[in-house]
Amino acid sequence: MLPCRSLPLSILLLLLVVAEAGLCVAVTTQLHGSFRGCAVRDFSFVAQKPGCRNLRIETEACWGRCHTWEKPLPEPPYVQRHHRVCSYGRTRYLMVRLPGCQPHVSPLYPYPLALQCHCTVCSTQDTECETF
């Protein structure tokens, strides 16, 4: 049996970073391919409403990557930002009837269908805008 030797912490951390970077590149390549920009794509989700059974819905949504940058400034506000997100340009709302709704619950469930997408400033009216 060989004696168990531990590697220095710095080498272990380096191996972990390299392994994660390789995984990240592989996942990004698989999911995104060579696509750059903002476009309509197929999307499915589960519609949920209290008092009704769930229903899987197939629709189209906006997806993509938009040009973004930050530049440091010597004076306040200290950063000049240009952040754009892939969001809805034009939408149409569709309605579906959810199954198994209780008598006092409306079975109608509205959801958006993306007709056109574009890169724009994030608006909380139609997009989840998160700040890190």
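Numbering starts at 1 and runs along the sequence shown.
In terms of heavy-atom proximity, Leu55 sits nearest to Arg97 at CD2-O, 4.0 Å. In this structure, Glu60 and Asp42 approach most closely via the heavy-atom pair OE2-OD1, 3.6 Å. Listed here is the closest heavy atom pair of Leu98 and Arg53: CB-O, 4.1 Å. Considering every non-hydrogen atom in both Val121 and Arg84, the closest pair reads CG2-NH1, 3.1 Å. Between Asn54 and Gln48 the shortest heavy-atom distance is OD1-CG, 3.4 Å. In terms of heavy atoms, Leu73 sits closest to Val79 at CD1-C, 4.0 Å.
Val96 and Leu94 end up in the same hydrophobic cluster when Ile, Leu, Val, Met, Phe, Trp and Tyr side chains are linked at under 4.5 Å.
Between Cys66 and Cys119, the SG-SG separation falls below 2.5 Å. Distance check for Cys38 and Cys62: the SG atoms are not under the 2.5 Å cut-off.
The shortest side-chain heavy-atom distance between Tyr88 and Thr120 does not fall under the 4.5 Å cut-off. In this structure, the side chains of Trp69 and Arg81 stay at 4.5 Å or more apart for every pair of heavy atoms. Two residues are said to be in side-chain contact when any heavy atoms from C-beta on lie closer than 4.5 Å; Leu115 and Thr91 fail this criterion.
Checking side-chain atoms of Ser44 against main-chain N and O of Arg56 turns up no donor-acceptor pair under 3.5 Å. No donor-acceptor distance shorter than 3.5 angstrom exists from the side chain of Lys49 to the backbone of Val105, with no hydrogens or angles considered. Using a distance-only test at 3.5 Å, with no hydrogens or angles considered, a donor-acceptor pair links the side chain of Thr68 to the main chain of His82.
With rounding to the nearest 0.5 angstrom, the OH atom of Tyr78 is 16.0 Å from the CD atom of Glu70. The CZ atom of Arg90 sits 11.5 Å away from atom NE2 of His118, with the distance rounded to the nearest 0.5 Å.
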Checklist entry - Checking side chain to side chain contact (heavy atoms under 4.5 Å, CB included) for the pair Tyr93/Leu113: CA distance, chi angles, key distance, verdict? => result CA-CA 6 Å; Tyr93 276 84; Leu113 171 76; over 6 Å; no

Next on the checklist: For Val40 and Gln116: C-alpha separation, side-chain torsions, deciding distance, then whether side chain to side chain contact (heavy atoms under 4.5 Å, CB included) applies.
Outcome noted: CA-CA 6 Å; Val40 175; Gln116 179 189 32; 5.6 Å; no

Checklist entry - Should Ile57 and Tyr109 be marked as a side chain to side chain contact (heavy atoms under 4.5 Å, CB included) after you check the CA-CA gap, both sets of side-chain angles, and the distance that decides it? => result CA-CA 10 Å; Ile57 295 177; Tyr109 186 91; 4.1 Å; yes

Item to check | Verdict with supporting geometry, Phe43 and Trp63, side chain to side chain contact (heavy atoms under 4.5 Å, CB included) | outcome: CA-CA 9 Å; Phe43 180 74; Trp63 173 83; over 6 Å; no

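Other residues, nucleotides and ligands contribute more than 12 heavy atoms inside 6.0 Å of the CZ atom of Arg41.
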